[in-house]
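So that the names make sense, note that chain A is the first sequence line, chain B the second, and so on, each numbered from 1. Just so we're clear, the structure is a prediction, and the values are computed from it rather than from any experiment.
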Amino acid sequence: MPVDYDYFDFDGRNYVRMIGRDGDGKKVCVVDSYDANFYVILKRDADVDKVVKKIKGVEIRQASRVTKVLRTEVLNKKFLGKAVRAIRVFVTNHKDAHDVASAIGDLDGVDKRREYDIPLVTKYIKEKGVEPLGWYTVRGQRTEDRGQAIEGIDCYLADEIEPLKIKKEFVPRILAYDIETDDREIGKGEILCISVFGMSGCRGVGRRGKCGVVGSGEFKKVLTWKKCKGAPEYVEFCKDEADMIEKFIEHVNDYDADILTGYFSDGFDLPYLKAAADKNGVEFGLGVDGRGPSFTRGRIPSGKIAGIVHIDLYRFIDAVFSQYLQSETLSLNEVAKELVGEIKEDFDFSRLSDMRDLDWRDFFSYNLQDSVVTYKLMGKVWPDILEFSRIVKEPVFDVTRDRMATHVENYILHNLDRFGEIAEKRPVYNEMNERKAKGKFEGAFVFEPKPGLYENLVMFDFTSMHASIIVSFNVSKLSFSEKGGKDFYESPKFDLDGEKRKIYFEKKIGFFATLLSEIVEKRKKYKGEYNKNKNAMTKARSNAYKLLANASFGYQGFFGARYYSREAAAATLAFVRKYTHDTIDIIKKAGYTIVYSDTDSIAFLIGGKTKGDILKLLKKINKGLPGIMELDLEDFYRRGLFVLKRGGVGGAKKKYALVDNKGKIKIRGFETVRRDWCRLTRNLQSEILTKILENGNEKAALKLLKKVVEDLRKRKVGLDELMIRTQLRRPIGEYVSEGPHVVAAKKMEAQGVPVSTGMLIEYFIGEGSGKRIGDRVCLAGDKVSYDIDYYLKNQILPAVENIFEVFGVDVKSVVEGSEQKRLF
DNA sequence: GGAGTTCGCATACC
DNA sequence: ACAGGTATGCGAACTCC
């Protein structure tokens, strides 16, 4: 079962190296040859023989190797759904495919060159079908050195690899790690301790002896070069930092892990360790080949370790998992609390300046906890990683780092051969800029609600609306046409770059819509399976297909996509608007009052009608919907509150509160759900909304408001209730406008607190003079009392004013009233 | 120097 | 750079007199 993939050159040729487990749970390595290739798409009138002859003569001389064309195949293929004549060109080395392709671009008869820009491992998996985390029978020979010595692991050079139909589940052997340092900046400070945590005995064949890996129970260690009396037995004292790093390498390599995991370890722990190793002159020999991690370039470097999949859980959670989380930040603490229910012990880092034995013991325990929590988090998220890896057919290493657009694209790439399709190329830098420069196109429709407290509502919503439209009308780059006809679907008339017009899509379904329809089908099927048999694996599978379906619309509008189509994306939205509007009209005509609608949902009053009437209406609407489009009953609601926009005229969109018939409250858009408002405001507003929805009037809510205002005036409110949290989304110097959080960040820096992009900056507004609010920004430790006036006028009032306005109650005097009196 | 307006920015909804 | 557009609303920074 291949888990990790990479490749190497030997005698100028490409080999793929897969490291995984054999049927006995032993770590093995399989090397397979790979014949690099790409496609040349010919013009219709091309002289095939002549082109082939010319291609065969191409030779690229590099410093270290000479790349030649090995052989060619002339084939009937498809490109963007259309039949083409193509030459498949096999070259000696994948790295030179691009150069060979460039060299033949000008030949007569050559239309396009494609697939030279697909990563080698992706090409290999696509062409040879040796997919991640599947079982295979390998026939081959034990290898001697192929330029890639791996100590202690059997290595085979494959002659033949065949898929096996067995359902033996793979339970990876996981080791979690975490480091603590005395300086956040990589390479600057010292690593004080390193913790590792795993469970032994669950599987795998570790090398016995050294650190008692094999057996049962926990494997936990905190390595440190600091001294401390009375430390628990898991603390292993080292001579110095260098010795500690060497011991860490030894532990990791001996543990025989499939996965080494950390939290933000791509961006912190691993590069920090590497830098510390370099500084200390320690060979950072992590991994089965002893070469240590390699870092690929990118926004965040990705640390790859041979034979052990290094997973930075933060990145996977950030890219694909976070949209299902309630957590307001993706800190290990918060995410673990939500997913694992674990409350991590905290450590006050200001203690670091003066550490006694007790402090060190707390510190080591804190360090170990981070590894324990990361380990547990991995257990929770692993089913999703596994499913994504199998569905998208990309290695675990990549799947845990790719964003959704890449997942969608990889799913497409790995399924193209079923359609005989040659893959489209990736846009080059210029093309991406051109795409971005075209600007936005019109999006979905949002209904302006009339402010009020409504009774008895129902909400309909379209299931996977964008995906179902793409499938139903075959909306994609390959089916797009400027002109219509009986073989074409017609888009609604819409504004496309300043011109009102219709565009068309072939009725004959292409691979894009076919693949998406399969994704939607599978999502339905696995959702059903999950409902019958609820477990982490069925849930993860159903979830992965849901995510792919939801991201596929965004993919077509994403400037970096191979199958980008501005027309397809814009038309999808035109269809979205049309069907939402049409449905609203039908509901209105049936005698109902529409209260709200956003994109794919419609809320309306039940009025005097029954539940049966509503269901009948839903059925009728569904009968009229085309293709796989489907309208669903979202829920019935006892009450719903909509408010006025602040200051301006009209009802506020994307802001409402509902209570269903079981008393469950749903709050959208209000300050309650925004993390950049202080807790006092958020809690107060949430309670006010709850009381109003439960009672149907504002009386109790008003009483509560008065009480909180009084408490605030009397300074009875704790500072932690008043802290405002705002994310620093760019380096301090890049801000044009210096908002309060930027002022706070600068203050932190001045106090020696490290500040970095992405951090949540916490501050409160204190008393003082100064024109700007920013001039009164205070940090948690500041000995300044909070500014009552600010919290009344800028926090509480704006959050409650428009709610009470619905009942004709002006709370301005309640909130500001006695302040005025005092002035007089 | 104050009032009014625009713009930058963060964060939400779907 | 790493799915899209729509929307609210604060506070700073501008314009204008």
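Within 4.0 Å of A444(A), counting heavy atoms only, lie sugar-phosphate atoms of the nucleic acid but no base atom. Counting non-hydrogen atoms under 4.0 angstrom, N794(A) reaches the backbone sugars and phosphates but no base. Within the 4.0 angstrom heavy-atom criterion, only backbone atoms of the sugar-phosphate kind lie near K653(A); the bases stay farther away. Using a 4.0 Å heavy-atom criterion, one finds that R566(A) contacts no nucleic acid atom at all. R729(A) comes within 4.0 angstrom of a base, heavy atoms only. The residue F441(A) sits close only to the backbone: its heavy atoms come under 4.0 Å of sugar-phosphate atoms, none of a base. The residue Y429(A) sits apart from the nucleic acid: no heavy atom pair falls under 4.0 Å. Contact annotation for K436(A): no contact, since no heavy-atom pair falls under 4.0 Å across all strands.
In this structure, K645(A) atom NZ and dT8(C) atom P are separated by 4 Å, rounded to whole Å. Look at NZ on K438(A): it is 18 Å from C1' on dG5(C), rounded to the nearest Å.
Distance from the side chain of A405(A) is smallest for dA3(C) among the nucleotides dC13(B), dA3(C), dG9(C). Nearest to the side-chain atoms of F559(A) among the listed nucleotides dT11(B), dG9(C), dA1(C) stands dA1(C). Relative to the side chain of Y735(A), the nucleotides dC2(C), dC9(B), dG11(C) differ in distance, and dC9(B) lies closest. Checking dG11(C), dA10(B), dT11(B) against every side-chain atom of Y790(A), the shortest atom distance belongs to dG11(C).
D600(A) is not listed as a side-chain neighbour of V576(A), based on a closest heavy-atom distance of 4.5 Å or more. Counting heavy atoms from C-beta outward, V743(A) and Y763(A) have side chains that stay 4.5 Å or more apart.
Annotation: F462(A) is not in aromatic contact with Y579(A) [ring centroid separation under 6.0 Å not met].
Nearer the 5' end of DNA chain C, as judged by each residue's closest nucleotide, is the contact made by N802(A), out of N802(A) and V743(A).
Between dC7(B) and dA3(C), the distance separating the two C1' atoms is 27 Å to the nearest Å.
For R674(A) against dT11(B), a side-chain-to-base donor-acceptor contact under 3.5 Å is present.
Taking the charged nitrogens against the carboxylate oxygens, E671(A) and R682(A) have no contact shorter than 4.0 Å, which rules out a salt bridge.
The cationic atom of K477(A) (NZ for Lys, CZ for Arg) does not lie both less than 6.0 Å from the six-membered ring centre of Y563(A) and within 45° of the ring axis.
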